[in-house]
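Order of the sequence lines sets the chain letters (A, B, ...), proteins ahead of strands, with each chain counted from 1.
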2 protein chains.
Amino acid sequence: MARAATTSDAFNAVAEPRRRQILSYLALNERPVGEIVAELGLDQPSVSKHLGVLRDVGLVRVRRQGRHKFYRTNAEAIRPMHAWAGTFERFWQNQLSQVKQQAEETARQAKAKIPENHPKEES
Amino acid sequence: MARAATTSDAFNAVAEPRRRQILSYLALNERPVGEIVAELGLDQPSVSKHLGVLRDVGLVRVRRQGRHKFYRTNAEAIRPMHAWAGTFERFWQNQLSQVKQQAEETARQAKAKIPENHPKEES
DNA sequence: TTGACATATTCCCATATAAGAATGTATTTG
DNA sequence: CAAATACATTCTTATATGGGAATATGTCAA
């Protein structure tokens with residue numbers, strides 16, 4: 001089996017750097033496709049395809065006005081990813097404090113000249 | 001050209017659901033590969049390859065102990081993704097308040113047009 | 001209707017998987 | 001050294017791209 005389809009979820013959609021660019025660009029204001037093309041320096045079909053992927057997973061919304069289609073980022077769809085990454089927040093905080101603790105412990109041991117200590121498992 | 005390699009950055013690495021599972025599983029405690037295999041129900045080579053991808057982008061760390069290799073999540077490497085998603089936070093907050101405003105506006109208009117139709121709504 | 005303009009879709013192709021099978025490597029023990 | 005254990009790597013295969021070119025679709029203007 002190959003990698004999951006980019007249309008399967010937001011995680012796959014934002015794996016592509018161009019699409020992250022587009023999301024950032026469309027977060028402030030809605031824009032017609034032509035402006036996105038000019039901004040990114042890609043050709044129009046590529047941009048349309050990226051927008052299609054983002055549309056399929058709900059990361060952007062479209063509004064048609066005459067011959068133009070205005071795209072804008074649907075920030076709400078980014079929230080689950082933020083939440084997922086956020087579940088690790090306490091771990092990176094712990095890791096930082098562990099580094100500090102270990103440094104302190106090492107210093108203490110050096111001073112006390114205690115021979116050895118092994119890392120633990122099971123929390 | 002195909003999508004960027006999964007080894008290129010954390011965004012690509014976590015696009016794969018199995019790898020997100022592994023990261024969550026290894027966030028609490030370090031584990032030998034065999035336990036991850038048992039936990040996920042994948043075969044060992046697949047797990048080793050996923051761990052390889054995660055290792056290449058710094059999302060996990062390894063410690064060898066005898067015949068075992070203990071993997072653990074390096075939460076610090078998830079921080080940039082959390083930060084990226086966080087740049088959209090003010091936008092989804094705005095979008096929510098816009099929805100609220102629009103709802104209020106709609107209610108205001110309805111009340112102004114058809115006052116006698118609404119008994120009471122003072123909240 | 002015809003033509004111009006703005007996007008979207010299709011086709012082709014080189015590349016990147018992810019899973020499974022088979023094989024290779026490192027480490028401990030007899 | 002040989003066997004067993006724990007992982008990692010290689011190979012194969014079906015599938016999913018992403019970009020460029022060509023083409024199709026949709027909308028407005030004359």
Side-chain angles (χ1 to χ4, degrees), chain A residues 1-23 25-26 29-72 118 121, chain B residues 1-23 25-26 29-72:
Chain A
M1 198 185 285
R3 193 189 305 186
T6 56
T7 53
S8 58
D9 64 7
F11 282 97
N12 276 289
V14 305
E16 169 66 43
R18 305 291 202 175
R19 290 197 281 264
R20 291 200 297 278
Q21 268 187 274
I22 293 177
L23 288 175
Y25 183 56
L26 298 178
N29 307 303
E30 61 176 10
R31 307 278 191 183
V33 178
E35 283 187 28
I36 306 172
V37 169
E39 175 73 15
L40 296 197
L42 282 179
D43 41 58
Q44 177 266 314
S46 288
V47 171
S48 274
K49 276 179 283 189
H50 282 310
L51 289 171
V53 171
L54 294 171
R55 221 189 314 118
D56 287 343
V57 299
L59 281 164
V60 297
R61 294 289 166 72
V62 210
R63 177 176 72 87
R64 156 155 253 153
Q65 184 177 2
R67 282 177 274 193
H68 297 267
K69 285 196 175 179
F70 290 85
Y71 281 85
R72 67 192 154 82
H118 283 276
E121 62 174 282
Chain B
M1 201 185 280
R3 192 191 298 182
T6 55
T7 53
S8 58
D9 64 7
F11 282 97
N12 277 288
V14 304
E16 169 64 43
R18 306 292 203 170
R19 289 196 283 263
R20 291 200 295 278
Q21 269 188 273
I22 292 176
L23 288 175
Y25 183 56
L26 297 178
N29 307 303
E30 62 176 9
R31 304 280 190 185
V33 177
E35 282 188 28
I36 307 171
V37 169
E39 175 73 16
L40 297 197
L42 283 180
D43 42 57
Q44 176 265 312
S46 289
V47 171
S48 274
K49 276 179 283 190
H50 282 311
L51 289 171
V53 170
L54 294 171
R55 219 188 316 119
D56 286 344
V57 300
L59 280 165
V60 297
R61 294 290 166 72
V62 210
R63 177 176 73 85
R64 157 154 251 153
Q65 184 178 3
R67 283 177 274 194
H68 297 269
K69 285 195 175 180
F70 290 86
Y71 280 85
R72 65 193 155 83

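As rounded to whole Å, 14 Å separates atom P of D/dG18 from atom CD of A/Gln21. Distance, A/Asn12 CG to D/dT17 P: 8 Å, rounded to whole Å. If you measure from atom CD1 of B/Ile36 to atom C1' of D/dC7, you get 11 Å, rounded to the nearest angstrom. Straight-line distance from the CZ atom of A/Arg63 to the C1' atom of D/dG26: 17 Å, rounded to whole Å. The distance between atom CE of B/Met1 and atom P of C/dC11, rounded to the nearest whole Å, is 23 Å. In this structure, CZ of B/Phe70 is placed 16 Å from C1' of C/dA26, rounded to the nearest angstrom. If you measure from atom CG of A/Leu54 to atom P of D/dT17, you get 13 Å, rounded to the nearest angstrom. The separation between A/Leu40 atom CG and D/dG20 atom P is 12 Å, rounded to whole Å.
Taking every side-chain heavy atom of A/Arg3 into account, C/dT17 is the closest of C/dT17, C/dC11, C/dA21. Across C/dA26, D/dG19, D/dT9, the shortest atom-to-atom separation from the side chain of A/Arg18 is found for D/dG19. Taking only side-chain atoms of A/His50, from C-beta outward, the nucleotide of D/dG19, D/dA8, D/dA6 with the closest atom is D/dG19. Ranking D/dG18, C/dA8, D/dC7 by closeness to the A/Arg19 side chain, first place goes to D/dG18. Of the candidates D/dG26, C/dT9, D/dG19, the closest approach to any side-chain atom of A/Ser46 belongs to D/dG19.
Along DNA chain D, the nucleotide closest to A/Gly66 and the one closest to A/Lys49 are compared, and the more 5′ of them pairs with A/Lys49. Map A/Asp43 and A/Ala5 each onto its nearest nucleotide of DNA chain D; the residue landing nearer the 5' end is A/Ala5. When each of B/Glu16 and A/Leu51 is assigned the nucleotide of DNA chain C with its nearest heavy atom, A/Leu51 is the one assigned upstream, toward the 5' end. Of the two residues near DNA chain C, A/Pro32 and A/Ala4, the one whose nearest nucleotide lies more 5' is A/Pro32.
For the pair A/Thr6 and A/Val57, the tightest heavy-atom approach, listed with the atom from each and the gap, is O-CG1, 3.9 Å.
A/Arg20 places a side-chain heavy atom less than 4.5 Å from the side chain of A/Val14. When side chains are defined from C-beta on, B/His50 counts as touching B/Leu42, because their heavy atoms get closer than 4.5 Å.
Evaluation of atom-type donor-acceptor distances gives no pair under 3.5 Å for the side chain of B/Gln44 against the base of D/dA6. Contact annotation: side chain of A/Lys69 to base of D/dG26, donor-acceptor pair absent below 3.5 Å.
Distances shown here put every side-chain N or O of A/Arg67 at or beyond 4.0 Å from the OP1 or OP2 atom of D/dT25. Between B/His68 and C/dT27 there is no side-chain polar atom (N or O) within less than 4.0 angstrom of OP1 or OP2.
Judged purely by distance below 3.5 Å, without hydrogens or angles, the side chains of A/Asn12 and B/Arg3 pair a donor atom with an acceptor atom.
For the atom pair B/Lys49 NZ and B/Leu51 CG, the distance stands at 12.0 Å (nearest 0.5 Å).
Among the protein residues, B/Tyr71 comes within range of the sugar-phosphate backbone only, with heavy atoms under 4.0 Å from sugar or phosphate atoms but none that close to a base.
With A/Tyr71 as the partner, the side chain to side chain contact (heavy atoms under 4.5 Å, CB included) test is satisfied by one option alone out of A/Glu35, A/Glu30, A/Arg55: A/Arg55.
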